[in-house]
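Structure, as structure tokens:
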2 protein chains.
Amino acid sequence: MELAEAKQKFIEAWGKLGSEWGINRTMAQVHALLLISPEALTTEEIMEALSISRGNANMNLRDLIGWGLVEKQHKAGERKEYFFADKDTWNIARQVAKERKKRELDPVLRVLDELSKVKGDEKDIEYKTFNKSVTDINKLAKNVDKTLETMLKAEENWFWGSIFKIFK
Amino acid sequence: MELAEAKQKFIEAWGKLGSEWGINRTMAQVHALLLISPEALTTEEIMEALSISRGNANMNLRDLIGWGLVEKQHKAGERKEYFFADKDTWNIARQVAKERKKRELDPVLRVLDELSKVKGDEKDIEYKTFNKSVTDINKLAKNVDKTLETMLKAEENWFWGSIFKIFK
DNA sequence: TTAAACTTTCAATAAGTTTTGAAAGTTTAA
DNA sequence: TTAAACTTTCAAAACTTATTGAAAGTTTAA
């Protein structure tokens with residue numbers, strides 16, 4: 001396979017995976033493009049490479065910066081802004097985990113805690129079923145939360161090393 | 001808070017979380033409704049509880065069965081079909097992990113394996129950057145894959161027990 | 001200042017996804 | 001058989017999300 005074709009496939013695969021996980025396809029594609037690009041790119045170059053409009057490119061770059069996955073760079077003597085992606089896979093994974101935890105898991109944990117506290121008649125099967133499901137899910141969500149917390153603090157080697165020690 | 005209100009909140013929160021993670025909001029809501037329902041429900045009752053059409057209810061129930069999260073039940077002497085959700089949180093988590101692995105991770109792993117094999121000039125910085133990003137991501141994805149495999153086989157207590165032994 | 005170079009915004013539009021509901025299909029019991 | 005009870009399908013409509021591109025905003029250098 002040609003390098004050019006391979007790059008295209010990578011960008012497509014990353015975009016598809018993103019959209020399956022609730023991340024804007026174009027944002028994932030811009031990220032993919034920057035991941036395989038040795039140099040920082042301009043908005044112009046990104047528009048060209050992905051055939052997208054200026055507004056779209058700008059908005060998704062902003063979002064990627066918001067996710068902590070991409071940084072602006074300035075080159076001496078140049079007006080243009082350049083964009084560069086952190087290429088460290090472990091940093092990327094942690095950054096994504098951190099943002100999604102903050103945006104999605106934390107709010108849901110707050111609701112589950114609140115719902116766990118709802119009191120009712122222990123004889124009422126409707127109440128009992130509700131309460132059991134909610135508290136069970138709350139426990140699982142808290143476990144996930146703790147694991148993510150640990151992951152956010154961890155060094156890559158330590159983290160996977162520990163996981164694999166368990167898993168033989 | 002009233003039980004009725006709490007149920008409503010749970011259904012909404014579950015639906016919102018689902019849609020943020022690329023799962024049809026209504027499907028997640030139907031699942032939530034069944035999770036807190038002590039008895040199996042008919043299509044009719046689900047339509048009523050969530051104010052959705054017959055077609056929509058039917059389609060999402062089909063999908064939930066496809067995800068292995070819901071089962072059809074037949075009651076003696078009744079024509080109607082009843083639907084019932086597995087309430088075991090660990091089973092739910094494993095089932096979702098299993099399906100998403102199959103539908104999303106496995107295909108992406110195949111692409112990454114293929115792209116990892118692309119040969120090129122080691123002096124070409126374009127090639128080197130592409131290759132490093134792809135092989136790094138491939139390694140991470142394989143770690144995730146192995147961890148999921150283990151999780152799919154594991155007993156709940158064993159799994160979380162082991163995880164927390166590490167994470168103190 | 002000014003104006004060129006560049007970035008951001010946002011209303012309009014396009015694209016994608018979900019939902020509806022009526023028609024077609026299936027099953028059951030008499 | 002038949003017809004009532006129920007389930008499934010699917011084209012059209014509604015809704016949601018993403019994209020465009022031109023106008024407005026900002027920065028820089030002369």
Side-chain angles (χ1 to χ4, degrees), chain A residues 11-12 14-34 39-67 69-84 100 103-104, chain B residues 11-12 14-34 40-67 70-84 100 103-104:
Chain A
I11 290 168
E12 268 168 44
W14 209 234
K16 179 152 170 283
L17 188 66
S19 74
E20 286 165 342
W21 284 80
I23 285 162
N24 178 325
R25 167 185 256 94
T26 304
M27 175 170 142
Q29 288 183 335
V30 172
H31 186 222
L33 175 65
L34 291 173
E39 300 292 334
L41 300 180
T42 61
T43 302
E44 212 76 39
E45 290 168 319
I46 292 163
M47 289 164 60
E48 155 87 348
L50 303 177
S51 310
I52 59 175
S53 71
R54 185 174 300 284
N56 198 6
N58 184 70
M59 178 159 289
N60 281 299
L61 284 165
R62 256 7 74 189
D63 284 354
L64 282 166
I65 291 169
W67 280 72
L69 296 172
V70 164
E71 284 183 15
K72 271 190 195 176
Q73 271 191 356
H74 288 278
K75 298 206 176 178
E78 290 228 43
R79 283 285 298 284
K80 273 196 281 261
E81 292 181 326
Y82 287 77
F83 298 92
F84 185 79
R100 298 205 79 158
R103 296 172 193 210
E104 294 146 21
Chain B
I11 290 168
E12 268 168 43
W14 209 235
K16 180 153 170 282
L17 188 66
S19 74
E20 287 166 341
W21 285 81
I23 285 161
N24 178 326
R25 165 185 257 92
T26 304
M27 175 170 142
Q29 288 182 335
V30 173
H31 187 222
L33 175 66
L34 291 173
L41 301 179
T42 61
T43 302
E44 212 75 40
E45 291 168 318
I46 293 164
M47 288 165 59
E48 156 87 349
L50 303 177
S51 310
I52 60 175
S53 70
R54 184 174 302 284
N56 197 7
N58 184 260
M59 180 159 289
N60 282 299
L61 284 164
R62 259 4 77 187
D63 284 354
L64 282 166
I65 291 169
W67 279 73
V70 164
E71 284 183 16
K72 270 189 195 176
Q73 271 191 358
H74 288 276
K75 297 206 176 178
E78 289 230 41
R79 283 286 298 283
K80 274 197 278 262
E81 292 181 327
Y82 287 77
F83 298 92
F84 185 79
R100 298 205 79 155
R103 295 172 194 211
E104 294 147 20

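The shown structure was predicted, so the numbers you read here are calculated from the model rather than taken from an experiment. Lettering follows sequence order; numbering is per chain, from 1.
Proximity of B:Thr43 to the phosphate of D:dC6: no side-chain N or O atom is located under 4.0 Å from OP1 or OP2. Of the side-chain N and O atoms in B:Asn60, none sit less than 4.0 angstrom from OP1 or OP2 of C:dT18. Not one side-chain nitrogen or oxygen of A:Lys72 sits closer than 4.0 Å to the OP1 or OP2 atom of C:dC6. Between A:Asn56 and D:dA18 there is no side-chain polar atom (N or O) within less than 4.0 angstrom of OP1 or OP2. The phosphate of D:dT27 (OP1 or OP2) has no side-chain N or O of A:Arg79 nearer than 4.0 angstrom.
In this entry the distance linking CD1 of A:Ile52 with P of D:dT20 reads 7 Å, nearest Å. With rounding to whole Å, A:Ile23 atom CD1 is found 15 Å from D:dT17 atom P. Separating the CE atom of B:Met47 from the C1' atom of C:dA22 is a distance of 13 Å, rounded to the nearest angstrom. The CD atom of A:Glu78 sits 12 Å away from the P atom of D:dA29 (whole-angstrom rounding). Distance B:Glu44 CD to D:dC6 P: 8 Å, rounded to the nearest Å. Atom CE in A:Met59 sits about 8 Å away from atom P in C:dT9, given to the nearest Å. The distance from atom CD of B:Gln29 to atom C1' of C:dT18 is 12 Å, rounded to the nearest whole Å. Between B:His74 atom NE2 and D:dC6 atom P the separation is 13 Å, expressed in whole Å.
Residue B:Thr42 is classed as having no contact, given no heavy-atom separation below 4.0 Å to the nucleic acid. When heavy atoms are screened at a 4.0 angstrom cut-off, A:Asn58 is found touching base atoms of the nucleic acid.
Here D:dT9 sits opposite C:dA22 as a Watson-Crick or G-U wobble pair (both hydrogen-bonding atom distances under 3.5 Å). For C:dT27, the paired base is D:dA4 (Watson-Crick or G-U wobble, both distances below 3.5 Å).
Across every non-hydrogen atom of B:Arg103 and B:Gly66, the tightest pair is NH2-O, 3.9 Å.
Using the six-membered ring where Trp is involved, A:Trp14 and A:His31 have ring planes that are tilted, between 30° and 60° apart.
Side-chain proximity of B:Thr26 to the nucleotides C:dT18, D:dC10, D:dC6 is greatest for C:dT18. If you check D:dC6, C:dC6, D:dT20 against the side chain of A:Lys80, the one that comes closest is C:dC6.
Checking A:Gly55 against B:Gly55, the closest nucleotide of DNA chain C that is more toward the 5' end is the one next to A:Gly55.
When the shell of 6.0 Å around CD of A:Gln73 is examined, it contains more than 12 heavy atoms from other residues, nucleotides or ligands.
Judged by distance alone, the side chains of A:Gln29 and A:Thr26 never bring a donor and an acceptor atom under 3.5 Å apart.
With hydrogens and angles ignored, no donor-acceptor pair under 3.5 angstrom links the side chain of B:Arg54 to the base of D:dT7.
Between B:Lys16 and B:Glu20 there is a salt bridge, since a side-chain N of the basic residue sits under 4.0 Å from a carboxylate O of the acidic one.
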